[in-house]
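Working notes, beginning with the structure itself.
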Amino acid sequence: MLLPNVLTVKNISDVAVALNLHIPKSLDYFPGHFPEYPILPGVVQLHWAIHYAHKFLPVSGSFSNMDNIKFQSIIVPSTDINLSLQWLADKKFLEFSFSNDHKKFSSGRIVFSGNT
């Protein structure tokens, strides 16, 4: 399994969406990262932000670079998290934030270039 369980999707506007996700223990990313204390890799969080942005928002272009990426807390199996996404078309970047009621896990901007 490569994607979390999507519990809810809330369309905030045409360019913003909020998802509630459950991170199951069965994700393919946990074995070996790390055996004694599995954590969700940061690159997977970036991949999910891009994946769900393309699914729910009018994102155009392809990945160019990242800006202001902050990993503040680790995500472990069996955690429920919120993913907030906002597409700023004029700047060609996607703002994302992974959090829950207790902490902020990661946030930043993913910059796109060109057309899809």
Side-chain angles (χ1 to χ4, degrees):
M1 174 183 284
L2 298 175
L3 294 171
N5 298 325
V6 178
L7 303 175
T8 62
V9 177
K10 181 179 179 186
N11 292 309
I12 309 298
S13 71
D14 290 344
V15 294
V17 65
L19 294 93
N20 182 253
L21 309 171
H22 176 73
I23 312 303
K25 293 178 184 180
S26 59
L27 281 177
D28 292 348
Y29 306 110
F30 290 127
H33 198 265
F34 296 94
E36 298 297 317
Y37 191 73
I39 63 171
L40 186 69
V43 68
V44 173
Q45 296 171 52
L46 296 171
H47 171 73
W48 288 352
I50 293 168
H51 170 80
Y52 289 114
H54 280 295
K55 185 171 181 171
F56 294 110
L57 301 175
V59 173
S60 64
S62 56
F63 174 86
S64 174
N65 60 67
M66 301 171 290
D67 187 30
N68 282 352
I69 303 298
K70 296 179 180 136
F71 294 102
Q72 294 132 309
S73 299
I74 59 172
I75 298 174
V76 297
S78 300
T79 303
D80 287 345
I81 59 174
N82 302 310
L83 170 57
S84 298
L85 300 169
Q86 183 170 8
W87 172 241
L88 288 92
D90 57 330
K91 297 178 182 177
K92 300 224 29 120
F93 64 70
L94 172 70
E95 290 184 338
F96 74 92
S97 174
F98 286 92
S99 63
N100 65 17
D101 293 339
H102 308 289
K103 59 179 82 171
K104 195 166 194 176
F105 297 104
S106 62
S107 62
R109 293 185 197 114
I110 301 169
V111 182
F112 291 78
S113 65
N115 295 324
T116 306

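Just so you know, these numbers come straight off a predicted model, no measurement behind them.
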Quiz prompt | OG-NZ distance between S78 and K25, expressed to the nearest 0.5 angstrom | solution = 4.5 Å
Practice problem: With side chain to side chain contact (heavy atoms under 4.5 Å, CB included) as the test, would you mind laying out the steps for F56 and L85 before giving the verdict? | Solution: CA-CA 9 Å; F56 294 110; L85 300 169; 5.8 Å; no
Quiz item: Taking all atoms of both residues into account, what is the closest heavy-atom pair of R109 and F96, and its distance?
Solution: N-CE2, 4.0 Å
Quiz item: Taking atom NZ of K103 and atom CD1 of I74, what is their separation to the nearest 0.5 Å?
Solution: 7.5 Å
Quiz item: How about L40 and F30: do any of their side-chain heavy atoms sit closer than 4.5 Å?
Solution: yes
Practice problem: Measure the shortest side-chain to side-chain distance between I69 and L46 over non-hydrogen atoms and say whether it is less than 4.5 angstrom. | Solution: yes
Quiz item: Going through the checks in order, is the side chain to side chain contact (heavy atoms under 4.5 Å, CB included) test met by L94 and L57?
Solution: CA-CA 10 Å; L94 172 70; L57 301 175; 4.1 Å; yes
Quiz item: To the nearest 0.5 Å, how far apart are CD in Q45 and CG in L83?
Solution: 9.5 Å
Quiz item: Mind checking whether W48 and F98 have parallel, tilted or perpendicular rings, split at 30° and 60°?
Solution: tilted
Self-check item: Separation of N68 CG from I110 CD1 (nearest 0.5 Å)
Solution: 12.0 Å
Quiz item: Can you check whether P38 reaches V76 side chain to side chain, under 4.5 Å on heavy atoms?
Solution: no
Exercise. Carefully, step by step, assess W87 and D14 under the rule side chain to side chain contact (heavy atoms under 4.5 Å, CB included).
Key: CA-CA 9 Å; W87 172 241; D14 290 344; over 6 Å; no
Quiz item: L27 and P4: which non-hydrogen atoms are nearest, and at how many Å?
Solution: CD2-N, 4.3 Å
Practice problem: Could you grab the distance from atom CZ of F105 to atom CZ of F71, nearest 0.5 Å is fine? | Solution: 13.0 Å
Quiz item: Is it true that V43 and M66 fall in one hydrophobic cluster, defined by side-chain heavy atoms closer than 4.5 Å?
Solution: yes
Quiz item: Is I50 linked to I81 within one hydrophobic cluster, defined over Ile, Leu, Val, Met, Phe, Trp and Tyr using a side-chain heavy-atom separation of less than 4.5 Å?
Solution: yes
Practice problem: State, with a plain yes or no, whether a side-chain heavy atom of F93 is found less than 4.5 Å away from one of S64. | Solution: no
Practice problem: Would you indicate whether the side-chain heavy atoms of Y29 and L2 approach each other to under 4.5 Å? | Solution: yes
Quiz item: Do S99 and Q72 touch side chain to side chain, with heavy atoms closer than 4.5 Å?
Solution: no
Self-check item: Minimum-distance pair of heavy atoms, taken over all atoms of L88 and Q86
Solution: CD1-O, 3.7 Å
Quiz item: Is it the case that one hydrophobic cluster holds both V9 and Y52, taking links as side-chain heavy atoms less than 4.5 Å apart, direct or via other members?
Solution: yes
Exercise. Would you tell me whether N100 and N82 have side-chain atoms, one donor and one acceptor, within less than 3.5 Å of each other?
Key: no
Quiz item: Roughly how far, to the nearest 0.5 Å, is CD1 of I39 from OG1 of T79?
Solution: 11.5 Å
Quiz item: Of L7, T8, V6, L3, which meets side-chain contact (heavy atoms from CB on, under 4.5 Å) against L21?
Solution: V6
Quiz item: Under the side chain to side chain contact (heavy atoms under 4.5 Å, CB included) criterion, do K92 and S60 qualify, and how do the steps go?
Solution: CA-CA 8 Å; K92 300 224 29 120; S60 64; 3.0 Å; yes
Practice problem: For S73 and K104, indicate whether the former's side chain and the latter's backbone hold a donor-acceptor pair under 3.5 Å. | Solution: yes
